[in-house]
Amino acid sequence: MATLLQKYRLLKGLCAGDLAFTGPFYVTIDLTRRCNLRCLGCRFHSPEIGEAFPGNMGITDLPVDLAEGLFADISALGTRQLFMVADGEPFLHPRIFEIIRLAKKHGLCATITTNGTLINESRARRVIDSGLDCIHVSLWASSYETYPQHYPGTDPSNFHRVIDGLKILSSLKAETGARTPHITLLNPIDRFNYRDVDKMVLLATETGCNGMGFTPFKTIRGTLDHYALSAQEQLDFQRYMMALTKRLESLGFSHNINRYLARSNYHTFSQNLPCYVCWFHSRVKVDGAVLPCGRSTVTLGNLRNTRFADIWNSEAYRTERLKRLAPDSCRYLDETADCQVCSYVTDNQKIHRIFKHALPLRRRFGGRK
């Protein structure tokens, strides 16, 4: 959560030109390209994609020294939120717990997203001991029987491993009196599972989770479209999700339903919504490349040869900020990013509600200062 001072400095930068006067509100890092699953909906490992990974293929895992330098820089810039994801499964990084401890050493609130198949008792204890703040366990299937449909060619017993891992983690938290990590069962939605959310809620309850999260299905510029919900299915599901809100809250669960709905409806208002992501977020890839977001193809620098503090207000970043706020930014984003269900739409909406009245003047008089 950004502080009032951070928000003020963000708006100050927007008004003044293309320099950021605060660091990113949060940073997302990819930890590894290794994965033990081939989820149908994954843009890196789906058996239907078969495309090369972006970046330097000779680098499999994010180097620890790059991570530590990044954490030191963003902490000094005021960043407090760190999201650890991957082009694969984060717990396959051989030094994952060292990276978590470094994040905590620098005062970062650390969240990790995992497929949950590797959480056993030993690893669960290390998760708790590491000080990790939040863990999101992604699960497409609601049962052993439906698991192969989402994870073709994978042992369906992985379903039981995920459920057992969640139970172990929540039990150990209770046993040790630990307050963290906050455990969220994350349910990516596609046309095979959108009718099974009630079953997912039951799984979250039975495994001792603290919350539920939902993500809309992401195609890759139309690829995998046949797994996405149809227009009517999307409409029906959105109505269901609105009704689900009260039920989750009655269970004491955190949830992201409002964000899910905003992402699902992104296409209805995206033409009139500028992209402010370069003012509040950075994505760091396994090879050290720094991007505005995970769906962008624009590299703004690389931690292997430049410190993040220097990249954040570099010529490349400042230019990208201007391009994303320009009147023709939609055309530019169509060419350089796949924004169909933008992860940052709610952030953009909040900023735009405040800044929209100044934006015409910003476009006329803003620029290099």
Side-chain angles (χ1 to χ4, degrees), residues 1-28 77-81 83 109 111 213-216 218 234-235 238-239 241-242 244-246 248-249 254-283 292-296 312-313 317-334 336-367 369:
M1 181 69 69
T3 66
L4 286 175
L5 181 60
Q6 284 177 303
K7 294 174 182 177
Y8 164 75
R9 287 177 173 170
L10 181 146
L11 292 171
K12 177 182 176 183
L14 280 168
C15 293
D18 46 34
L19 279 172
F21 293 104
T22 184
F25 291 176
Y26 46 91
V27 170
T28 305
L77 287 168
T79 302
R80 291 294 175 264
Q81 295 282 338
F83 293 92
C109 179
T111 299
F214 304 92
T215 60
K218 309 179 199 65
Q234 186 71 264
L235 183 61
Q238 287 180 17
R239 290 170 179 157
M241 291 293 276
M242 287 187 283
L244 181 65
T245 301
K246 289 184 179 179
L248 293 181
E249 291 174 352
S254 63
H255 64 81
N256 68 341
I257 288 179
N258 287 340
R259 185 167 178 262
Y260 174 89
L261 294 173
R263 293 183 67 185
S264 298
N265 290 312
Y266 177 71
H267 64 282
T268 63
F269 50 75
S270 59
Q271 296 299 313
N272 298 316
L273 184 65
C275 179
Y276 299 98
V277 73
C278 288
W279 298 91
F280 63 80
H281 176 262
S282 287
R283 178 72 172 257
C293 64
R295 308 291 282 191
S296 175
W312 180 238
N313 270 319
Y317 235 118
R318 295 176 68 186
T319 299
E320 186 71 6
R321 289 183 183 120
L322 291 177
K323 288 181 177 179
R324 286 176 177 246
L325 294 186
D328 61 348
S329 61
C330 288
R331 183 182 305 171
Y332 172 71
L333 289 174
D334 283 343
T336 62
D338 188 5
C339 303
Q340 52 147 329
V341 286
C342 175
S343 298
Y344 309 102
V345 59
T346 53
D347 300 279
N348 278 327
Q349 286 176 317
K350 289 175 183 177
I351 295 171
H352 194 59
R353 276 197 291 269
I354 298 172
F355 191 66
K356 63 183 178 181
H357 304 294
L359 185 59
L361 293 175
R362 168 67 172 75
R363 285 171 170 170
R364 182 176 180 182
F365 300 111
K369 300 294 181 185

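Throughout, residue positions are numbered sequentially from 1 according to the sequence presented.
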Practice problem: List for me each residue that meets salt bridge (Lys or Arg N to Asp or Glu O under 4.0 Å) alongside R239, sequence neighbours excluded, and say none if there are none. | Solution: D236
Quiz item: So how far is it from L273 CG to S329 OG, rounded to the nearest 0.5 Å?
Solution: 9.0 Å
Quiz item: Between W279 and L325, is any pair of side-chain heavy atoms under 4.5 Å apart?
Solution: yes
Quiz item: What is the minimum heavy-atom distance between Y317 and C278, and which atoms define it?
Solution: CE2-O, 3.6 Å
Quiz item: How long is the span from the CZ atom in R321 to the CG atom in L14, to the nearest 0.5 Å?
Solution: 9.0 Å
Exercise. Ignoring hydrogens and angles, tell me if any N or O in the side chain of R259 forms a donor-acceptor pair with the backbone of S343 under 3.5 Å.
Key: yes
Practice problem: Check for a donor-acceptor pair, side chain of R295 on one end and backbone N or O of A337 on the other, with a separation under 3.5 Å. | Solution: no
Practice problem: Using the test side-chain contact (heavy atoms from CB on, under 4.5 Å), find all partners of R353 that sit at least two apart in sequence or belong to another chain. | Solution: Q349, K350
Quiz item: If you measure from CZ on R324 to OG1 on T319, what distance do you get to the nearest 0.5 Å?
Solution: 12.5 Å
Quiz item: Would Q238 and N265 count as a side-chain contact (heavy atoms from CB on, under 4.5 Å) if you check the C-alpha gap in whole Å, the side-chain angles of each, and the deciding distance to 0.1 Å?
Solution: CA-CA 10 Å; Q238 287 180 17; N265 290 312; 3.3 Å; yes
Quiz item: Donor-acceptor pair, Q6 side chain versus G78 backbone, under 3.5 Å?
Solution: yes
Practice problem: Find the distance between CG (D347) and OH (Y276) and round it off to the nearest 0.5 Å. | Solution: 12.5 Å
Exercise. Mark yes or no for whether H281, through its side chain, and P24, through its backbone, hold a donor-acceptor pair below 3.5 Å.
Key: no
Quiz prompt | Gap separating the CG atom of D338 from the OG atom of S296, nearest 0.5 angstrom | solution = 10.5 Å
Quiz item: Between OG1 of T215 and CZ of R263, what distance do you get to the nearest 0.5 Å?
Solution: 6.5 Å
Quiz item: Any side-chain heavy atom of I257 within less than 4.5 Å of one from M242?
Solution: no
Quiz item: L333 and C275: which non-hydrogen atoms are nearest, and at how many Å?
Solution: CD1-CB, 3.9 Å
Exercise. Take the angle between the ring planes of Y26 and F280 and call it parallel below 30°, perpendicular above 60°, tilted in between.
Key: tilted
Practice problem: Without swapping roles, check the side chain of S282 against the backbone of V27 for a donor-acceptor pair under 3.5 Å. | Solution: no
Self-check item: Minimum side-chain heavy-atom gap D328-Y332 below 4.5 Å
Solution: no
Quiz item: Do you know the tightest heavy-atom contact between H255 and E249?
Solution: NE2-OE2, 3.1 Å
Quiz item: Do the side chain of N256 and the main chain of F214 share a donor and acceptor less than 3.5 angstrom apart?
Solution: yes
Quiz item: R9: what forms a side-chain contact (heavy atoms from CB on, under 4.5 Å) with it, not counting sequence neighbours?
Solution: L5, F21, T22
